[in-house]
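Letters go in sequence order (proteins before strands), and every chain restarts at 1.
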2 protein chains.
Amino acid sequence: MDWSIQEIAKLAGTTSRTLRHYDDIGLLAPTRVAGNGYRHYDERALVRLQRILLLRELGLGLPAIAEVLEGDADEARALGAHLGWLRQEQGRLARQIASVEKTITALEGGERLMADEMFDGFDHTVHQAEVEQRWGAEAYAAGDRWWRGLGEAGQREWKARTAELSRDWIAAAGSGLAPDGAEAQALAKRHVEWLTGVPGTPAAVPGGDVAGYVLGLGEMYVADPRFGANYGGQAGAEFVRDALRSYAEREL
Amino acid sequence: MDWSIQEIAKLAGTTSRTLRHYDDIGLLAPTRVAGNGYRHYDERALVRLQRILLLRELGLGLPAIAEVLEGDADEARALGAHLGWLRQEQGRLARQIASVEKTITALEGGERLMADEMFDGFDHTVHQAEVEQRWGAEAYAAGDRWWRGLGEAGQREWKARTAELSRDWIAAAGSGLAPDGAEAQALAKRHVEWLTGVPGTPAAVPGGDVAGYVLGLGEMYVADPRFGANYGGQAGAEFVRDALRSYAEREL
DNA sequence: CGTAGAACTTGACGTTACGTCAAGGTCAAG
DNA sequence: CTTGACCTTGACGTAACGTCAAGTTCTACG
C-alpha cells in the first residue's frame, strides 16, 4: 500500500534513479513525500509506473508516454506513429548495412571469415569481428568453448539436430501447412527447446524473456537474409516467423 | 591549395561547426592556423575529411574512425565489427516492431486504416499515423495532393503501371532468371524510372543519392514483410533486391 | 545512548555529434 | 570610418538516465 522508492523500483523492475528522474520531469510524482523528503508510492502509482515501463519497452519517448498517460493523445495513434518511425529506422539500417557490406567486399574479396565450424547453427559466411561485436567477445569465446566441449561426436549430433530442424521447417513451409496448425506448432516447440541449447540466448537463461525473444526472433529471420537462408529462403522464414509468433503467444 | 573553413566545408559537403568539432576532438586539425586564429586547410586535409565523412555515413563513431585513420585498427575489421552492431540493432528494431504491432492489434481490431487508395504503390494495410510519421505530415499531404491531382484516369494508369511492374517482377523471380541478367536488369531500370514518379524519394529529387537509395531499398523490401508482399512474398523480394543491387552498382 | 550501516536526499557530470545562439574580433569593399 | 561577411571561443541543449559525491535520516545492535 505504501512503498519506499527502492521497494517500488524492485516491484516494477527498474531503479530508484529512474523514479527520481520521472519525478523530476513530471512523469510520475510520488504519492506522498514525507517530512524528511523521502518519496512514497501507492498501488496507483505502481500501475502508472508499469504502464510507463510497458510503453517505454515499445520504444516510445518519455514525452510521448506522458501525452498518452495524460489522455492528450490516443494510445493507438501514438503507437501507429511510432511504428512509422521504427520502420523508417529499419530502412535506414538496411541501407547502411548494404553500404557497409559493399565497402567490405570492395576492400577485401571476403577473407577472414568465421572459423569454419558454425557456432550456433548459422552459417559461416560471416566475419568473426561481426560475431564478436554482435554477441560480445566473451560470448563468442564462451560459445567457442561450448562448441569445442561438445567433442567430435557431440558436434556431429548438434549439427544433425540443427539440420534436421531446418529440414523439417523447410518441408513444413513447402507443404502448405498452416503456421498455427498442430504440426507447425510442434516444430515451434522443438525450435524453442533447441534454442535452450544455444548459449547466450534468453531461452538458455532461466528467467529470460523467452516470449519476447522468440517473438522478435521470427521477425529477425525475415529481416536478416542470412538467417532466412537456413529456412529455405525468405519464404520459409516467413512461415517460421508466423509459427513462432503463434507459439509464443499461446504457450509462452 | 589553401582553403578557409567555410570553403572546405562546402567542398566536402559539411559545416564549419563540424570542422571545429573535429579539431576540438583531435580528429582533423587544420593544416595551418593563421596569426588571427583563422583555420586553413590544404588538399591533404580535404582527403582526410572525405574519408572521415565516408566512414561516418556508414555509421561508424568518431572514435572508431580515428582508430582507422591512425592505422591503429584495420578498416575491414572495424567495418565487420560495425556490421555486427548494425544487425543487432536491426534485430532489436524487428523485436520492437513485432511488439508494437501486437499491442496495436490488441488495442483495436485494426481500425483507422489508411485511406483506401494507396499513396505510393504500397498496400493500405497501414495506419495513417504511421505513414505521417514515416514520411512526415506534409509529405503525406503532398503525396495526397499529387495522388488527387492525377485524376481518375491518371490514378487508373498509375495503378496499372504499378501492378504491371509488380507482376513482371513476380514472373521474373518465379521463372528462375538471374538477378543480374538482361531481363531482370531491364526490370530494375523500369523500377528506378517508376520511383521517379513517387514524390519524396531521392530518385524524384534532382541530385538525390539515387544509388544509395536504390541499394538500400532492396534491403528494405526484404526487411519489411509488407513491402515484400507486393513482389510475391519474401522470395520475390530477395530477387528484386539482388536485381536492384546489381543495377545500382553498374548503372548508378 | 552512541554508532555503524543501509537507505534516502539533492546536485552535477558524462554519454553522441554536433546545432544553435551569444558576444566579440578581423577583413575587404565602398 | 562603416557595413557586412567571416572568423573566433564559450556554452547550452539533445534522451534518459548511470554514476559518483557529499550530506542527512532511519534502523538495529551492544
Side-chain angles (χ1 to χ4, degrees), chain A residues 2-41 45 48-49 51-69 78 82 85-86 89 92-93 96, chain B residues 2-41 45 48-49 51-69 78 82 85-86 89 92-93 96:
Chain A
D2 186 65
W3 297 290
S4 75
I5 195 169
Q6 296 234 18
E7 287 168 344
I8 198 179
K10 274 179 216 156
L11 279 174
T14 183
T15 69
S16 57
R17 177 66 178 91
T18 298
L19 287 164
R20 272 183 225 112
H21 183 57
Y22 291 168
D23 188 11
D24 286 348
I25 65 176
L27 181 56
L28 176 63
T31 308
R32 171 176 74 84
V33 178
N36 55 15
Y38 284 25
R39 294 172 176 83
H40 294 272
Y41 299 83
R48 185 176 169 103
L49 175 56
R51 284 207 66 194
I52 291 173
L53 296 179
L54 268 177
L55 291 172
R56 197 191 56 172
E57 275 181 28
L58 297 180
L60 266 82
L62 298 189
I65 293 177
E67 283 186 2
V68 169
L69 291 188
H82 181 53
W85 135 271
L86 284 177
E89 273 298 292
R92 215 177 46 78
L93 280 183
Q96 279 199 351
Chain B
D2 186 64
W3 297 291
S4 75
I5 194 169
Q6 294 235 18
E7 287 168 344
I8 199 180
K10 274 179 216 156
L11 279 174
T14 183
T15 69
S16 58
R17 177 65 179 92
T18 297
L19 288 164
R20 277 191 276 273
H21 183 57
Y22 290 169
D23 188 11
D24 285 348
I25 66 177
L27 181 56
L28 176 63
T31 307
R32 171 175 75 85
V33 178
N36 55 16
Y38 284 25
R39 294 173 176 81
H40 293 272
Y41 300 82
R48 186 176 168 101
L49 175 57
R51 284 207 66 194
I52 292 172
L53 296 179
L54 268 178
L55 291 172
R56 197 192 56 171
E57 274 181 29
L58 297 180
L60 267 81
L62 299 189
I65 293 177
E67 282 186 1
V68 170
L69 292 187
H82 181 53
W85 134 270
L86 284 176
E89 272 298 292
R92 214 177 46 79
L93 279 183
Q96 279 200 353

Return the set of residues passing side-chain hydrogen bond (donor to acceptor under 3.5 Å, both in side chains) with [X] (not counting sequence neighbours), or none when no residue passes.
{"X": "B:Arg20", "value": "B:Ser16"}
{"X": "A:Glu89", "value": "A:Arg92"}
{"X": "B:Thr31", "value": "B:Asp42"}
{"X": "A:Arg51", "value": "A:Glu75"}

P atom, C:dC13 versus D:dA11: distance in rounded Å?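 These two P atoms come out 12 Å apart once rounded.
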
What integer number of Å spans the P atoms of D:dA15 and C:dT20?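 About 14 Å, rounded to a whole number of Å.
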
Between the axis at one end of the helix from C:dA17-D:dT14 to C:dG30-D:dC1 and the axis at the other (five pairs apiece), what's the angle to 10 degrees?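 If I round to tens, the end axes sit 10° apart.
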
Rounded to the nearest 0.5 Å, what separates atom CG in B:Leu58 from atom CD1 in B:Ile65?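 If I round to the nearest 0.5 Å, the distance is 8.5 Å.
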
Give, for atom CG of A:Leu28 and atom OG1 of A:Thr18, the distance between the pair rounded to the nearest 0.5 Å.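 Those atoms lie 11.0 Å apart.
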
Contact check, side chains of [X] and [Y], non-hydrogen atoms, under 4.5 Å:
{"X": "A:Tyr41", "Y": "A:Leu19", "result": "yes"}
{"X": "B:Leu60", "Y": "B:Arg56", "result": "no"}
{"X": "B:His40", "Y": "B:Ile8", "result": "no"}

Of all nucleotides in DNA chain D that come within under 4.0 Å of a heavy atom of chain B, which is furthest toward the 5' end and which toward the 3' end?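 Listing 5' to 3', DNA chain D meets chain B from D:dC6 to D:dA11.
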
A:Asn36: what forms a side chain to side chain contact (heavy atoms under 4.5 Å, CB included) with it, not counting sequence neighbours?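 A:Asn36 satisfies side chain to side chain contact (heavy atoms under 4.5 Å, CB included) with A:Ala34, A:Tyr38 once adjacent residues are dropped.
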
Which atom pairs link the protein and nucleotides 23-25 of chain C when you take only N or O atoms and keep those under 3.5 Å?
unit_1, atom_1, unit_2, atom_2, d
C:dG25, N2, B:Tyr38, OH, 3.1

Members of residues 5-28 of chain B that approach DNA chain C, where some heavy atom sits under 4.0 Å away: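 Going residue by residue through residues 5-28 of chain B, the ones with a heavy atom under 4.0 Å of DNA chain C turn out to be B:Thr15, B:Arg17, B:Thr18, B:His21, B:Tyr22.
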
Partner residues of B:Arg17 under the salt bridge (charged side-chain N to carboxylate O under 4.0 Å, His left out) criterion, sequence neighbours left out: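 B:Arg17 satisfies salt bridge (charged side-chain N to carboxylate O under 4.0 Å, His left out) with no other residue.
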
Sequence-distant partners of B:Arg39, salt bridge (charged side-chain N to carboxylate O under 4.0 Å, His left out), two or more places apart: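 Partners of B:Arg39 under the salt bridge (charged side-chain N to carboxylate O under 4.0 Å, His left out) test: B:Asp23.
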
Quick one: salt bridge (charged side-chain N to carboxylate O under 4.0 Å, His left out) pairs with a partner in residues 28-38 of chain B, sequence neighbours left out?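 Found B:Asp2-B:Arg32.
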
